[in-house]
Every structure is written in structure tokens, then in C-alpha cells.
Amino acid sequence: MTSLTPVREAADHFGLAISTLHYWERRGLITASRRSGQRYYDDDQLYRIALIKHWRRIGGLGLSKITELLAEQHRWREVVAGQLAEIERERARLDTAHDYLVELLTCRREGSLEDCQWFRDRVDLPAHAVAS
């Protein structure tokens, strides 16, 4: 016989609000069993809750992407590869922003940043502005 875990216990165990689990049910991400009007989750649903939580917090996946993954589980590798590529693009953007800001801090000018020579050397102005 499959064990059933009450919704409150599942929510507490995974550090989620009960309303989150109810919302995931309404979205069709998880399914509860009912006994005497109370919601319970079997072990398979508990694993699914853990998976969704990991996807949300660690994988950075939104509920729409998770819904897609669960609906088309045969494509999960493709979806995960796409998410990984998106994270790599974001990482590259953040690295560029980080490097730019660190370099900008080397400007010795105390006034406006637009007067910083390092900044000016990296800005491409229209041809007529440079000629003036």
C-alpha cells in the first residue's frame, strides 16, 4: 500500500506554503488524493514536488517551462539544454557587466563619470561629434 502524506506535512517538509501546493495542483503540476475532504500526496507526488522545487530554485525554471517539461517529458533534455544555454548567455552578460563596473571604479576622476577618460575611450560617438 502506498503511504500518503498530508498536505501540511508535505508543505512543511519542503518549506513551501500550502497555497503554493494548491496552486501547483490547479496548474496540473501535481495531483493530490483526497480522504475525508483532506488532501494527501503519495510518494510519487512528493518526488514531483521535490523536482518542481529544484527546478524553480536551482534550475531557474518558471512554472510555464515546468508545465512544458512535465507535459512533454520525452523532450526534457531539449528543454533543459535550452535553459542551460539561456543561463550561459546571462552569465556572460553578468561577467561583462561585472568587468565593466570594476574597470569603471579605476577612474580617478571625482566628477561626472562621462568625463572619465577610460569611459570616453570606449564610447563610439557619431563622426561629426568627434570632428568638432
Legend entry - R8 atom CZ: more than 12 heavy-atom contacts under 6.0 Å: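 Atom CZ in R8 is not packed in, count stays at 12 or less.
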
Co-membership, hydrophobic cluster, residues [X] and [Y], 4.5 Å side-chain:
X	Y	result
L69	I30	yes
V123	Y100	yes
W118	L101	yes
Y47	L21	no
L61	W76	yes

Inset, instruction - Could you tell me whether a side-chain N or O of H54 sits under 3.5 Å from a main-chain N or O of A50, the two making a donor and an acceptor? - result: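 Checking the backbone N and O of A50 against the side chain of H54, a donor-acceptor pair under 3.5 Å is found.
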
Inset, instruction - Determine, step by step, whether L70 and R48 satisfy the side chain to side chain contact (heavy atoms under 4.5 Å, CB included) criterion, reporting the C-alpha distance in whole Å, the side-chain angles of both residues, the deciding distance to 0.1 Å, and the verdict. - result: CA-CA 10 Å; L70 293 175; R48 180 165 278 197; 3.7 Å; yes

Within-4.5 Å side-chain heavy-atom neighbours: [X] and [Y]:
X	Y	answer
R39	I18	no
V79	Q83	no
E25	Y41	yes
R120	L125	no
L46	F14	yes
T31	Q45	yes

How long is the straight-line distance from [atom2] of [Y] back to [atom1] of [X], given to the nearest 0.5 Å?
X	Y	atom1	atom2	result
D95	R93	CG	CZ	10.0 Å
L94	D99	CG	CG	11.0 Å
K53	T20	NZ	OG1	10.5 Å
L84	E88	CG	CD	5.5 Å
H98	E103	NE2	CD	11.5 Å

Legend entry - Check against side chain to side chain contact (heavy atoms under 4.5 Å, CB included), L29 and Y23: CA-CA 9 Å; L29 301 173; Y23 181 68; over 6 Å; no

Legend entry - Given R35, E9, R34, the one that forms side chain to side chain contact (heavy atoms under 4.5 Å, CB included) with Y40: R35

Inset, instruction - Begin from the C-alpha positions of R27 and S64 and carry the test side chain to side chain contact (heavy atoms under 4.5 Å, CB included) through to its verdict. - result: CA-CA 9 Å; R27 298 265 325 233; S64 296; 4.0 Å; yes

Inset, instruction - Locate the shortest heavy-atom distance separating S3 from D43; write the atom from each residue and the value. - result: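 Result for this residue pair: OG-OD1, 3.0 Å.
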
Legend entry - Shortest non-hydrogen contact from A11 toward A17: CB-C, 4.3 Å

Inset, instruction - May I have the step-by-step check of side chain to side chain contact (heavy atoms under 4.5 Å, CB included) for L51 and W55, ending in yes or no? - result: CA-CA 6 Å; L51 184 63; W55 282 345; 3.5 Å; yes

